[in-house]
Structures are given as C-alpha cells and as structure tokens.
Number of protein chains: 2
Amino acid sequence: MSESSAAVRNTRQRSAVSALLGEMEGFHSAQDLHAMLRQRGERVGLTTVYRTLQGLADAGEIDVMRPPGGEHLYRRCSEGHHHHLVCRVCGRTVEVAGPAVESWADRVAAQHGYADVSHTLEIFGTCPTCVR
Amino acid sequence: MSESSAAVRNTRQRSAVSALLGEMEGFHSAQDLHAMLRQRGERVGLTTVYRTLQGLADAGEIDVMRPPGGEHLYRRCSEGHHHHLVCRVCGRTVEVAGPAVESWADRVAAQHGYADVSHTLEIFGTCPTCVR
DNA sequence: GTGGCAACGATAATGATTGTCAAAAACGCA
DNA sequence: TGCGTTTTTGACAATCATTATCGTTGCCAC
Ligand SMILES: [Zn+2]
Ligand SMILES: [Zn+2]
Ligand SMILES: [Zn+2]
Ligand SMILES: [Zn+2]
C-alpha cells in the first residue's frame, strides 16, 4: 500500500530557478530563465528548468502564459484567481482582479447549459515606460 | 503607383476548404480539416490547408483558438468582436458578446497607463450533450 | 491563346517541448 | 558519519505542429 512520502526534495537547481523567479519582474520563457542561470554561473540543465517550471505551475506557485506564436512564459504570482495586464514589449505585468468578469463568464456558461466552466483572459498593451 | 489587385485567386482548393468550414459546427484543426477533405476525395495538400486557414484568419473570416497543449483550431464565425464558449469535449461553440467585459478591460488598462490595448478571452466547459 | 505571377504541394527544416535512462544527489535511518 | 532507497538530474534523442523551400501548375487579364 503505502501512501508514504510526498517526497519533494530540496535541490540546488530547484532553489536556483525559484530564486530567479523571485527577482524577475515580468513573464519569461524557460529558455530565457535557463540562459540567465547560466550567466550567473549556476549549472542547471534546460530539461530541469522545464521540469521545475512545470512543477511550480502545477503547484499553483507560478502562472503560465502562452502568447500567440511564442514560447510559454512563466512568472511568480500572488495567490488566488486573477488575470494579467501584460506589456507586449518588456513583459511588465500587473495582476488584475475582475469579480464582475468572473461571474459574467459563469453566468453565460450556465445559460447555455455548459458545466465545469473555466476561462482564460489576458489583456495586452504597451506599458508607460515602453511607449517612450 | 497601382493599388492594383488584391490578387486573391479562385482555386479549387480554397473553395474546398472554405466550403468545409461552412459545414462544421465547432472548432477543428488544420490536420483534421485536411483529413476530412481527403476522405471526400478532394485533393488538397496539407500545406495549402495551413496557408488557406491562415489567410482566412488574417482576413478576419475565421477565428483561431489555441487550446493548451494542442493544435490551433479554426472556425467560421460571425463578424465583429466576440468571444467563445467552447465545449472541451466536442468543440461545440457558442459565440458570446460581453460589452461590459470589453469596457472593463479597456478601463483597467487605461488606469495603469497601458496603450494599444487588446485582449483574449475564452470560456471552456462541457456542453449539455457531452455531459451525457 | 498566352505570359506573368499567385497558388500549390511534396519535402525538408524549424524549434519548443517532452521522453529516455544512466549517473548523481537527497535524506531517513543506523 | 555511512548506507540504501528513491528522487532528481541532464545530455541527448524523439516528437510533432507549423513554416520554409522551390520547382511545377494553372488562374486570369489582356
Ligand atoms: Zn513595457
Ligand atoms: Zn478569471
Ligand atoms: Zn460537447
Ligand atoms: Zn472582447
């Protein structure tokens, strides 16, 4: 049987990725983060970066965004359901909450008899700094 | 100067793809559509299906959706800005309009000084038929 | 008709992500 | 601190949807 140990081990690599995410402002790709780690002299494999990010995402500790025609982007976020206002240029991100939107989505889905409702919502724009 | 011809030629292949899209209910992938065309005996290359779909999308005649971890999906839609309530199982789609959401997104972006605002929004669920 | 040029399509290339699996490292326990 | 078990790592190969090539085909304006 054995529902033994959840067994999530502390490794140098995991710490490095997590720490890096703590310092980043906007969203960044796995390959970006991997490159940054190498520049810092941290020795972490690309595969491990992908795996770690996926794990953190599954655990709800970071958010994933999949922009049109690009790689997946990751960012450490606050808890709870929220959405993002993201700068197309630099990735700077503002977390936004829209209770009205949430209820609207659920209501619309219910009206059409859809169950197990979820949604995705992202707002894109050019941030004050990047408008030049 | 010549603002000559938009030069969009009528071809058997383009007609076939467009016609097929007219009969489909929900969203379908390029590969799906290509397979359906072949079954009908239509001789259309996969590359052409991709190209045609992309062209139609650029022209605003069809909508594209990029579900998590899957291929791009295409569907012929009505004109104007709208969003989709999509069945995770069968792809059945309802077009929904949410003026309140549109203005909310613009307002939020403006409050933070973001310009050139756009957004993406999709609602997912299980349609009445697929709930069994 | 016919010539120019867009469209086609078989094929190769791309590129992010995932799978593989032997070697390395954690960690509970002695 | 040493050991065995189990997880994690990471170099490399594999996947797979999409895109780029580029010689051929065929639309269509004249
Ligand atoms: Zn910016
Ligand atoms: Zn929401
Ligand atoms: Zn359904
Ligand atoms: Zn909208």
Side-chain angles (χ1 to χ4, degrees), chain A residues 1-21 27-59 61-75 91, chain B residues 1-21 27-59 61-75 91:
Chain A
M1 307 287 118
S2 84
E3 52 262 71
S4 49
S5 48
V8 169
R9 293 182 182 177
N10 262 349
T11 67
R12 169 178 58 80
Q13 294 88 340
R14 185 182 301 271
S15 302
V17 172
S18 196
L20 180 57
L21 282 170
F27 279 92
H28 294 277
S29 73
Q31 318 237 17
D32 265 2
L33 296 168
H34 176 246
M36 294 179 195
L37 288 172
R38 299 214 70 217
Q39 282 185 335
R40 294 184 172 203
E42 303 274 1
R43 199 170 317 287
V44 183
L46 177 58
T47 305
T48 298
V49 174
Y50 271 108
R51 255 192 311 241
T52 303
L53 290 172
Q54 195 163 298
L56 290 171
D58 289 346
E61 291 191 37
I62 62 176
D63 277 11
V64 189
M65 192 181 23
R66 316 179 306 99
E71 320 118 278
H72 294 184
L73 302 179
Y74 303 88
R75 174 174 189 264
Chain B
M1 299 294 111
S2 84
E3 52 262 71
S4 48
S5 47
V8 169
R9 292 183 181 175
N10 254 350
T11 68
R12 169 179 56 81
Q13 294 89 338
R14 184 180 298 270
S15 302
V17 172
S18 195
L20 180 56
L21 282 170
F27 279 92
H28 293 278
S29 73
Q31 317 238 16
D32 265 2
L33 296 167
H34 176 245
M36 294 179 195
L37 288 172
R38 297 214 71 216
Q39 282 185 338
R40 295 183 171 203
E42 301 276 358
R43 197 169 319 285
V44 183
L46 178 57
T47 304
T48 297
V49 174
Y50 272 107
R51 254 192 310 242
T52 303
L53 290 172
Q54 197 164 299
L56 290 171
D58 289 345
E61 292 191 36
I62 63 177
D63 277 10
V64 189
M65 191 182 19
R66 316 178 308 100
E71 319 117 278
H72 295 183
L73 302 180
Y74 305 86
R75 175 175 189 265

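Residue numbering restarts at 1 for every chain, and letters A, B, ... go by the order of the sequence lines. Computed from a predicted structure; not experimentally measured.
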Validation row: [X], [Y] side chains within 4.5 angstrom (heavy atoms):
X	Y	answer
A:D32	A:L73	no
B:L21	B:L33	yes
B:R40	B:L20	yes
B:R43	B:R12	yes
B:T48	B:T11	no

Could you tell me the separation between the [atom1] atom of [X] and the [atom2] atom of [N], rounded to a whole number of Å?
X	N	atom1	atom2	value
B:L53	D:dA17	CG	P	15 Å
B:R43	C:dA10	CZ	C1'	14 Å
A:H34	D:dA11	NE2	P	8 Å

Margin query: Run the ring pair (Phe, Tyr, Trp, His ring centres under 6.0 Å) test against B:F27 and tell me which residues pass, sequence neighbours left out.
Written below: B:H84
Notebook entry, point to check: Would you say C:dA7 has OP1 or OP2 under 4.0 Å from some side-chain N or O of B:T48?
Noted result: no
Next item on the list: Can you check each nucleotide of nucleotides 18-30 of chain D against protein heavy atoms at under 4.0 Å and return B for base, S for sugar-phosphate only, - for none, in 5' to 3' order?
Entry: BBB-----BBS--
